[in-house]
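So the structure is just underneath, and the comments pick up after that.
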Amino acid sequence: MKVKKAVIPAAGLGTRLLPATKALPKEMLPIIDKPTIQYIIEEATDAGIEDIIIVTGKDKKAIEDHFDSSFLLEQTLKNKGKQDELNQIMNISQMAHIHYIRQSEPKGLGHAIWCARKFIGNEPFAVLLGDILVESNKSCLQEMMGSYSKYRSSIIGVTRVDTADVHRYGIVDIENKQGDMYKIKNLVEKPNKEDAPSNLAIFGRYILTPKIFDLLEVQKPGIGNEIQLTDALSALLHHEDVWAQLYSGKNYDIGEKIGYLKTIIEFALQREDLKHDLKPFIKNLSL
Ligand code: G1P
C-alpha cells in the first residue's frame with residue numbers, strides 16, 4: 001500500500017520561543033515570508049502525500065485560517081491587479097486536503113500521533129514534525145517513501161549529531177547496514193551522552209505502519225512524563241522490523257531561538273531576491 005497520508009504534530013506549547021508563541025503556534029512563525037508549517041506541507045505534497053492531518057494544540061485558528069481561502073483578501077488583491085500575490089494566496093488554500101484534530105492535553109508526541117488514528121485507519125503514513133525543516137532540494141521524505149515500498153516496514157529518518165547533543169534527540173541503536181539503511185536494534189529517547197548507543201539521531205521524519213497505534217494506546221509515559229513516540233517504536237520492534245534511513249542533508253529546528261535564527265539566515269542566503277543584499281550586510285557586520 002502506498003503512503004498517501006501524513007500527520008503533522010503541531011500541538012507543542014512553544015515555550016522556548018515565548019512570548020512570540022503566546023498566541024501564535026510556533027509552526028506559524030515565518031521563515032522570511034512563509035510560515036514554517038507551509039514549507040512542511042509543501043514538502044509532504046511534493047513527495048506525493050494527498051491528505052494531511054495537523055494535530056493542533058490550544059491555538060489552531062491561525063493555522064486553519066492560513067490554509068483556508070480568504071475571500072476578502074483575494075477580492076482586494078484582484079481589484080488592485082496584484083496577480084502574483086493573488087496566485088500565491090490561492091495556491092495556499094489549494095495545496096492539499098488538510099484536516100485538523102485537537103490534542104486536548106499536552107501528553108507528548110506519542111499521544112499526538114495516537115490522536116490521528118481514526119484519520120489514518122489501517123494504512124502506512126508519514127509523520128513530519130511541525131517545527132523541523134529539512135533541506136528541500138533533495139526530498140528526504142520521498143526517499144523514505146521509496147524505502148517503505150521496498151522494506152514494507154517503518155522507516156525513521158536519522159542524521160549524525162555531535163555526541164554532546166544526543167540528549168536532545170531520540171537515538172537509535174543499529175545492527176545491519178544496507179547502503180544508507182540500518183536495521184534498528186533499539187531506540188532511546190534523549191539519552192545521556194554516556195548511555196547513548198550511537199550518535200544517529202531521529203530528526204523528525206518518519207514513515208510508520210499502523211501497528212504503532214496499538215502500541216501508543218498502551219504506552220506508559222516516559223521521559224518528561226510524556227507519551228513518547230520513540231518508546232512506542234521500541235515496543236514495535238517486538239512485532240516488526242524498523243529501519244533507520246540516514247539522511248545527510250541539513251535539518252533546521254525552528255523550535256528554539258538559535259535554530260530559528262539560523263534557519264532564516266540560511267534560507268535568505270538561498271533566495272535570489274534577498275541574497276545579494278544580505279551577503280554584504282552580513283560581511284560588514286563588525287563581529
Ligand atoms: C522529538 C522526538 C525525538 C526527536 C526530536 C527531533 O523530541 O521525541 O525523538 O529526536 O523530536 O527534533 P522533541 O524535540 O519534540 O522534544
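Note that ligands are numbered from 1 as they come in the structure, with each ligand's atoms numbered from 1 the same way. Just so you know, these numbers use all the heavy atoms, side chains as well, and skip hydrogens, waters and symmetry mates.
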Exercise for the section: Identify the protein heavy atom lying closest to atom 12 (O) of ligand 1, giving its residue, its atom name and the separation to 0.1 Å. Expected result: I132 CD1, 3.6 Å

Handout entry: Aromatic ring proximity Y39/Y252, centre distance under 6.0 Å
Key = no

Exercise for the section: For E64 and Y100, test the side chains for any donor-to-acceptor distance below 3.5 angstrom and give the result as yes or no. Expected result: no

Exercise for the section: Give the residue and atom name of whichever protein heavy atom lies nearest to atom 16 (O) of ligand 1, and the separation in Å to one decimal. Expected result: K190 NZ, 2.7 Å

Handout entry: Within 45° cone and under 6.0 Å: K190 NZ/CZ vs Y169 ring
Key = no

Practice task
Please write down residue, atom name and distance for the protein heavy atom closest to atom 2 (C) of ligand 1.
Solution key: E189 OE2, 3.6 Å

Fill in the blank from the handout: Atoms of ligand 1 under 4.0 Å from any heavy atom of L109, numbered from 1 in the order shown, are 2 (C), 8 (O)

Practice task
Taking atom CG of N91 as the centre, report whether more than 12 heavy atoms of other residues, nucleotides or ligands fall under 6.0 Å from it.
Solution key: yes

Problem - Cation-aromatic face contact K5/F119, 6.0 Å, 45 degrees - result: yes

Exercise for the section: Report yes if some N/O of Y206 lies less than 3.5 Å from some N/O of ligand 1; otherwise report no. Expected result: no

Exercise for the section: For the pair Y151 and W243, name the ring-plane relationship: parallel under 30°, tilted 30 to 60°, perpendicular over 60°. Expected result: tilted

Fill in the blank from the handout: Per-atom filter on ligand 1: closer than 4.0 angstrom to a heavy atom of T230 are 9 (O)

Handout entry: SB check E175 K185 (cutoff 4.0 Å)
Key = no

Exercise for the section: Among all protein heavy atoms, pick out the one at the shortest distance from atom 11 (O) of ligand 1; state its residue, atom name and that distance to 0.1 Å. Expected result: L129 CD1, 3.3 Å

Exercise for the section: Please work out which of L233, L229, I202 has its closest non-hydrogen atom nearest to atom 10 (O) of ligand 1. Expected result: I202

Handout entry: ligand 1 N/O within reach of R168 N/O, cut-off under 3.5 Å
Key = no

Practice task
May I ask you to list the atoms of ligand 1 that are less than 4.0 angstrom from any heavy atom of G170?
Solution key: 3 (C), 4 (C), 9 (O), 10 (O)

